[in-house]
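Comments concern the structure below.
Residue numbers begin at 1 in each chain, while the letters A, B, ... track the order of the sequences.
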Amino acid sequence: MVCPSSLRRGAHVVVRGGVPMIDIQRIREDPEAVKEAIATLGAEAPIDEIVNLDLKRRKLLQELEGLRQGKNETSERIGRMEPGDERQGLIDSMSGVNARIKALESALRGNEDALQRAMYEVPNLPDASVPVGADESENVVLREEGRLRKFDFEPLPHWDLGPELGILDFERGVKLSGSRFYILKGAGAKLQRALIQWMLDLHVSDHGYTEIYPPAIVKEQCMWGAGQLPKFADNIYRDVEDDLWLVGTAEIPLTNLHRDEILEAEDLPISYVAYTPCFRREKFSGGRDVRGIKRGHQFDKVEMYKFILPEESYAALEQILEHAAAVCRALEIPYRVVQMVTGDLGFTAAKKYDLELWAPGSEEWLEVSSVSNCEAFQARRTHIRFRREKGAKPEYVHTLNGSGLALPRTLIAVLENYQQADGSVIVPDVLRPYMGGMERIALEN
RNA sequence: GGAGGGAUGGCCGAGUGGACGAAGGCGGCGGUCUUGAAAACCGCUGUAGGGCAACCUACCGGGGGUUCGAAUCCCUCUCCCUCCGCCA
């Protein structure tokens with residue numbers, strides 16, 4: 001089943017003084033439908049608590065604002081009166097009202113804090129087109145492109161190939177920083193740099209993105225805005241002294257680039273591409289993927305990001321997927337497109353595709369891109385809106401993101417797919433201009 | 001890190017306790033005039049919450065306080081600028 005159609009639309013209501021998540025209006029109107037949708041994610045959210053807090057909030061507001069109105073009127077009268085007994089009497093009479101107002105304000109503050117906390121925990125709801133499924137095992141492979149190369153020798157995994165070529169060093173990485181760190185060296189480091197430069201150039205010149213160099217360390221607020229907090233706190237590196245957080249993806253600074261702005265409709269879509277290092281503690285990956293460089297605490301990524309009109313966001317999702325696929329095609333490496341089911345959507349996406357490159361040595365499909373439509377989820381959290389025309393009410397934009405692509409994994413795919421019987425690696429045609437014309441990585445390099 | 005200065009609406013900039021959601025200007029929108037445009041003149045021109053109609057409430061960097069009443073007074077935080085130190 002898909003999420004009820006009543007959940008797909010809705011006015012854009014913001015919690016006063018706070019930041020919303022999904023539209024609270026949807027919860028007010030049909031809390032049961034929201035709960036059903038969240039159940040398909042395999043997630044939990046305090047919907048009943050939100051409904052109660054929201055009711056309570058409006059009750060408090062009405063009483064409080066009524067009292068404030070009376071108070072304002074009385075203060076005005078006092079200001080116009082000559083000094084005297086009557087005036088003093090009015091002033092004295094205000095103290096009771098003020099005490100009540102203070103009490104209500106305090107209650108309202110507590111109520112809104114609780115409401116906002118609860119709202120922050122609500123995940124984005126799935127788009128109607130997303131298949132319902134419990135977890136990643138039910139994800140749907142939509143298509144596979146490119147021919148798997150036939151090897152007349154046993155292709156090596158990169159963790160053998162790299163060290164033998166002298167371009168990858170695990171021991172020294174561990175010496176410097178511990179497990180899940182490694183060193184790229186010589187042509188290996190250069191190959192990664194070439195990939196980054198080439199991908200950035202491709203997205204800028206062929207796909208119309210504007211290149212951004214953002215901070216990789218951001219304020220806590222940015223983490224909430226992009227949807228990293230509250231859920232993923234344990235996976236984020238943080239400088240406690242200055243309360244700055246290391247980004248796990250460029251999606252975080254890019255989302256926040258237009259925080260608290262009202263954009264002009266004619267400026268949309270805004271398309272950014274950014275290269276950043278990414279830092280993840282990988283607290284939840286346990287002993288998974290410890291071999292090789294597939295999952296490190298630090299990696300590089302080129303990320304595409306779009307701010308767009310709501311009615312155009314789903315077409316844009318397919319487009320970004322194509323932009324990521326274009327990288328795979330140009331590298332001439334087989335890839336496949338996987339659609340996430342509801343249970344594997346994550347916290348922020350309404351619909352998501354993964355793009356995977358085949359790695360013949362490791363013998364697995366490597367996730368090198370994740371392409372998501374977050375609809376207005378991140379825009380609500382960051383207050384990014386647009387106006388359809390002058391004087392029109394601001395509406396939330398939709399945001400999308402997609403890796404284009406994630407680095408060490410793309411590097412793995414290049415090494416493993418282009419390896420030769422003699423242990424050397426052919427440099428893909430598109431990268432040669434970025435490698436100073438180098439055609440092959442061999443030991444003597 | 002040390003010393004000093006500052007933060008007002010899209011922008012500039014007045015406002016030091018009482019009718020200020022905030023003068024004035026610029027920009028923008030609409031209108032008059034004009035064959036058209038410019039100029040001139042007139043009007044409008046923030047956001048959010050609640051009612052969901054009239055209307056009410058909140059917001060002058062953030063938070064707290066004093067007061068019947070605060071953009072205006074006090075405390076505190078953040079950010080920006082200038083000078084010194086340090087530095088890629």
Side-chain angles (χ1 to χ4, degrees), chain A residues 10-29 50-116 118-119 213 215-225 239 241-245 256-267 277 376 379-397:
Chain A
H12 307 298
V13 176
V14 181
V15 178
R16 174 165 161 270
V19 183
M21 29 44 259
I22 70 165
D23 190 339
I24 196 168
Q25 201 83 307
R26 287 162 88 166
I27 297 177
R28 268 184 207 164
E29 283 167 5
I50 288 168
V51 170
N52 290 332
L53 285 167
D54 180 51
L55 272 173
K56 180 90 182 299
R57 171 172 174 268
R58 282 179 288 168
K59 261 213 183 94
L60 287 168
L61 261 183
Q62 282 168 32
E63 192 188 348
L64 175 63
E65 295 191 345
L67 288 176
R68 283 212 270 237
Q69 183 181 354
K71 170 185 157 176
N72 287 344
E73 286 166 358
T74 307
S75 286
E76 255 179 68
R77 278 178 61 203
I78 292 171
R80 276 187 265 107
M81 289 168 81
E82 299 297 321
D85 288 350
E86 196 190 344
R87 184 182 139 112
Q88 193 54 47
L90 268 183
I91 289 175
D92 294 343
S93 75
M94 294 300 285
S95 70
V97 178
N98 273 336
R100 180 69 186 146
I101 285 177
K102 271 208 166 119
L104 283 171
E105 281 174 343
S106 163
L108 183 67
R109 201 165 10 215
N111 169 280
E112 290 189 337
D113 284 353
L115 180 56
Q116 186 175 323
M119 285 300 267
Y213 170 78
I217 310 177
V218 298
K219 297 179 187 177
E220 178 182 339
Q221 186 183 3
C222 295
M223 292 289 171
W224 288 92
D239 168 35
E241 190 138 346
D242 293 324
D243 196 28
L244 288 170
W245 301 60
N256 284 277
L257 216 54
H258 292 294
R259 166 146 48 87
D260 296 323
E261 293 182 24
I262 298 176
L263 308 167
E264 297 301 328
E266 67 215 37
D267 295 334
R380 283 205 177 84
R381 289 177 160 243
T382 45
H383 289 141
I384 302 173
R385 293 166 296 169
F386 74 98
R387 266 190 247 270
R388 291 194 182 273
E389 56 204 52
K390 290 251 186 280
K393 260 216 164 312
E395 299 172 46
Y396 287 105
V397 298

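Atom CD of Gln62(A) and atom P of A58(B) are 16 Å apart (whole Å). Straight-line distance from the CZ atom of Arg68(A) to the P atom of U57(B): 9 Å, rounded to whole Å. Atoms CG (Leu108(A)) and P (U57(B)) sit 16 Å apart, rounded to a whole Å. Whole-Å rounding puts the Asp243(A) CG to U78(B) P distance at 12 Å. Rounded to whole angstrom, the span from the CG atom of Asn111(A) across to the P atom of G49(B) amounts to 16 Å. Atom CG in Asp242(A) sits roughly 16 Å away from atom P in C77(B) (whole-Å rounding).
Considering only the side chain of Pro394(A), U47(B) comes nearest among U47(B), G51(B), C56(B). Checking G49(B), G69(B), C56(B) against every side-chain atom of Asn98(A), the shortest atom distance belongs to G69(B). The listed nucleotides are G50(B), C68(B), U57(B); the one nearest the side chain of Ser75(A) is C68(B).
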Every protein N/O within reach of nucleotides 62-65 of chain B N/O, cut-off under 3.5 Å:
residue, atom, partner, partner atom, Å
G64(B), OP1, Arg109(A), NH1, 2.6

In residues 85-92 of chain A, what donor-acceptor pairs under 3.5 Å come from side-chain atoms, sequence neighbours left out?
residue, atom, partner, partner atom, Å
Arg87(A), NH1, Ile78(A), O, 2.8
Gln88(A), NE2, Asp92(A), OD1, 3.1

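Between Met94(A) and Asp54(A), the residue whose closest nucleotide on RNA chain B is further toward the 5' end is Asp54(A). Residues Glu73(A) and Lys219(A) both approach RNA chain B. Their nearest nucleotides, taken by heavy-atom distance, put Glu73(A) toward the 5′ side.
When the C1' atom is compared between C33(B) and A39(B), the two are found 11 Å apart, to the nearest whole Å. Spacing between A48(B) and G31(B) at atom P, rounded to whole Å, works out to 26 Å. Atom name P, nucleotides A14(B) and A70(B): the rounded distance is 24 Å, in whole Å. Using P as the reference atom, C74(B) and U66(B) are 15 Å apart when rounded to the nearest Å. Between the C1' atoms of C60(B) and A23(B), the separation comes to 14 Å (whole Å). Between G65(B) and C12(B), the distance separating the two C1' atoms is 33 Å to the nearest Å.
Residue contacts shown for Leu90(A) are absent, as no nucleic acid heavy atom lies under 4.0 Å away. Within the 4.0 angstrom heavy-atom criterion, only backbone atoms of the sugar-phosphate kind lie near Asn72(A); the bases stay farther away. Arg77(A) comes within contact range of no nucleotide atom at all, as no heavy-atom separation falls under 4.0 Å. Nucleic acid contact for Lys393(A): sugar-phosphate only, since backbone atoms but no base atoms lie under 4.0 Å from a heavy atom of the residue.
Using a cut-off of 4.0 Å between Lys/Arg side-chain N and Asp/Glu carboxylate O, Arg109(A) and Asp113(A) are scored as not salt-bridged.
Taking side-chain N and O atoms only, Lys71(A) has no distance below 4.0 Å to OP1 or OP2 of C68(B). The phosphate of G10(B) (OP1 or OP2) has no side-chain N or O of Arg387(A) nearer than 4.0 angstrom.
Between the side chain of Asn111(A) and the backbone N or O of Leu53(A) there is at least one donor-acceptor pair closer than 3.5 Å. Ser75(A) contributes a side-chain N or O that, together with a main-chain N or O of Lys71(A), makes up a donor-acceptor pair within less than 3.5 Å.
Not a single donor-acceptor contact under 3.5 angstrom links the side-chain atoms of Arg385(A) to the base of G46(B). The base of G49(B) sits with one of its N or O atoms less than 3.5 Å from a complementary donor or acceptor on the side chain of Glu65(A).
Across every strand in view, G10(B) sits in a pair with C26(B) that passes the Watson-Crick or G-U test at under 3.5 angstrom. Nucleotide G18(B): paired with C68(B) (Watson-Crick or G-U wobble, both distances less than 3.5 Å). The base-pairing partner of A48(B), taking Watson-Crick or G-U wobble contacts with both distances under 3.5 Å, is U57(B). Checking A38(B) for Watson-Crick or G-U wobble geometry (two distances, each under 3.5 Å) identifies no partner in any strand. The partner of U82(B) is A3(B), judged by Watson-Crick or G-U wobble contacts that both fall below 3.5 Å.
Considering Arg57(A), Lys56(A), Arg58(A), Gln62(A) as possible partners of Leu60(A), the one that fulfils the side chain to side chain contact (heavy atoms under 4.5 Å, CB included) test is Lys56(A).
The shortest side-chain heavy-atom distance between His383(A) and Tyr396(A) falls under the 4.5 Å cut-off.
Atom CG in Asp54(A) sits 10.0 Å away from atom CD in Glu112(A) (nearest 0.5 Å).
Sparse packing is recorded around CD of Gln221(A), with 12 or fewer heavy atoms of other residues, nucleotides or ligands lying under 6.0 Å away. Counting heavy-atom neighbours within 6.0 Å of Arg388(A) CZ, excluding the residue itself, gives a total above 12.
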